[in-house]
Protein chains: 2
Amino acid sequence: MNDFISRVEILKLIAHPVRITILQELSKGVKCVSDFEEFLEISQPNISQHLGALRRAGIIDFFIDGRLRCYFLKSPFVVDLLEIFSKEYPGELPGPECCPTTKKGTYPGERRR
Amino acid sequence: MNDFISRVEILKLIAHPVRITILQELSKGVKCVSDFEEFLEISQPNISQHLGALRRAGIIDFFIDGRLRCYFLKSPFVVDLLEIFSKEYPGELPGPECCPTTKKGTYPGERRR
DNA sequence: TTCATATATAATAATATTATTATGTTTTTA
DNA sequence: TAAAAACATAATAATATTATTATATATGAA
């Protein structure tokens, strides 16, 4: 139940264009903050804030290397998520038979009202 | 590129405790609004709003059945996402070797600064 | 030491999300 | 045909997210 909430929180964090780009990069390997500055078109403090948020959530972490901070992915959940995020899904699910009133098809579970 | 953004928008929508619960239910089969009222502890208008948002995003759709509206899942992406959302991930990814300054390990890509 | 580099933190204003309350629409039933 | 059931929509206040600006810290170089 609390696990549910924390997963939702992680999803919420990932659901941002900049942060998902950061995570996609990190899934390829370690990367330092100044690397991100080169291709993310946002300010350095903003990058830091996004990295900080991801870190506080336990999704990423970093090594200190001189004056660099080299970030890396920690979460296997995020790896899986990134994979389906970039996957193509042609078409939609087949619509189910319905409905409880017209008695077309079957209706899952109970219905009282 | 626009595909990227719309995927992020979908993620954003899913990243909400009520909406993900709705989607989890719908992944089991069709369900009408009053069914949701029985186990979601929020108001009917609020349920409608969440359903409306999911529908406008093309994630779900409904049949009209008398005065019922029976919602169902349309998005195969969401099916995959729900699966990994509930999956257990024991442990973390192994930390990579680092770093560019200390020359420990290898560093992916280019670094100038 | 002093300066520049690499990064983080804090404060804040703009914007977006959320739940609530009130009301509207459509369909069935009495 | 009037009422109720099932659901949607609109307006709004509370809250959360976001990017910006300014400033701080820590490390290495000169």
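Just so we're on the same page: letters track the sequence lines, and every chain starts at 1. Quick caveat: nothing in here was measured; it's all calculated off a predicted structure.
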Can you check whether [X] has a side-chain N or O nearer than 4.0 Å to OP1 or OP2 of [N]?
{"X": "H16(A)", "N": "dT17(C)", "value": "no"}
{"X": "R69(A)", "N": "dA8(C)", "value": "yes"}
{"X": "Y71(B)", "N": "dA6(D)", "value": "no"}

From [atom1] of [X] over to [atom2] of [N], roughly how many Å is that when rounded to an integer?
{"X": "D65(A)", "N": "dG28(D)", "atom1": "CG", "atom2": "C1'", "result": "12 Å"}
{"X": "D35(B)", "N": "dA5(D)", "atom1": "CG", "atom2": "P", "result": "17 Å"}
{"X": "I42(B)", "N": "dC7(D)", "atom1": "CD1", "atom2": "P", "result": "14 Å"}
{"X": "D61(A)", "N": "dA8(C)", "atom1": "CG", "atom2": "P", "result": "12 Å"}
{"X": "I64(A)", "N": "dA8(C)", "atom1": "CD1", "atom2": "C1'", "result": "11 Å"}
{"X": "I60(A)", "N": "dA8(C)", "atom1": "CD1", "atom2": "C1'", "result": "13 Å"}
{"X": "E38(B)", "N": "dA6(D)", "atom1": "CD", "atom2": "P", "result": "10 Å"}
{"X": "K12(A)", "N": "dA16(D)", "atom1": "NZ", "atom2": "P", "result": "9 Å"}

Anything under 30° is parallel, anything over 60° is perpendicular, the rest tilted; go ahead and classify F85(B) against F4(A).
->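 Taking F4(A) first and then F85(B), their aromatic rings stand perpendicular (interplane angle over 60°).
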Could you label the plane-to-plane angle of the Y89(A) and F77(B) rings as parallel, tilted or perpendicular, counting under 30° as parallel and over 60° as perpendicular?
->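 Perpendicular, since the angle between the ring planes exceeds 60°.
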How long is the span from the CD1 atom in I84(B) to the CG atom in D80(A), to the nearest 0.5 Å?
->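 Here the rounded value is 5.0 Å.
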Spacing of E83(A) atom CD and Q24(A) atom CD [to the nearest 0.5 Å] =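 With rounding to 0.5 Å, CD (E83(A)) is 12.0 Å from CD (Q24(A)).
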Which nucleotide, dA6(C), dC7(D), dT21(C), lies nearest any side-chain atom of S34(A)?
->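 Of the options given, the side chain of S34(A) lies nearest dA6(C).
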Are F62(B) and F72(B) close enough that their ring centers fall under 6.0 Å?
->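 Centroid separation for F62(B) and F72(B): 6.0 Å or greater.
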Derivation of the side-chain contact (heavy atoms from CB on, under 4.5 Å) call for K74(A) and I59(A) = CA-CA 5 Å; K74(A) 271 177 65 181; I59(A) 295 176; over 6 Å; no
With a 4.0 Å heavy-atom cut-off, tell me which residues in residues 44-57 of chain A come close to DNA chain D, sorted by residue number.
->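 Of all residues in residues 44-57 of chain A, the ones placing a heavy atom under 4.0 Å from DNA chain D are P45(A), N46(A), Q49(A), H50(A).
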Detail all sub-3.5 Å separations between protein N/O atoms and N/O atoms belonging to nucleotides 24-26 of chain D.
none

Under a 4.5 Å cut-off applied to non-hydrogen side-chain atoms, are V30(B) and C99(A) in contact?
->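 No, too far: nothing below the 4.5 Å cut-off.
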State whether the side chain of R69(B) and the backbone N or O of K31(B) hold a donor-acceptor pair below 3.5 Å, judged by distance alone.
->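 Pair absent, no side-chain N/O of R69(B) close to backbone of K31(B).
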Test item: D35(A) side-chain N/O and C32(A) main-chain N/O as donor-acceptor pair under 3.5 Å |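 Yes; judged by distance alone, with no hydrogens or angles, the pair exists.
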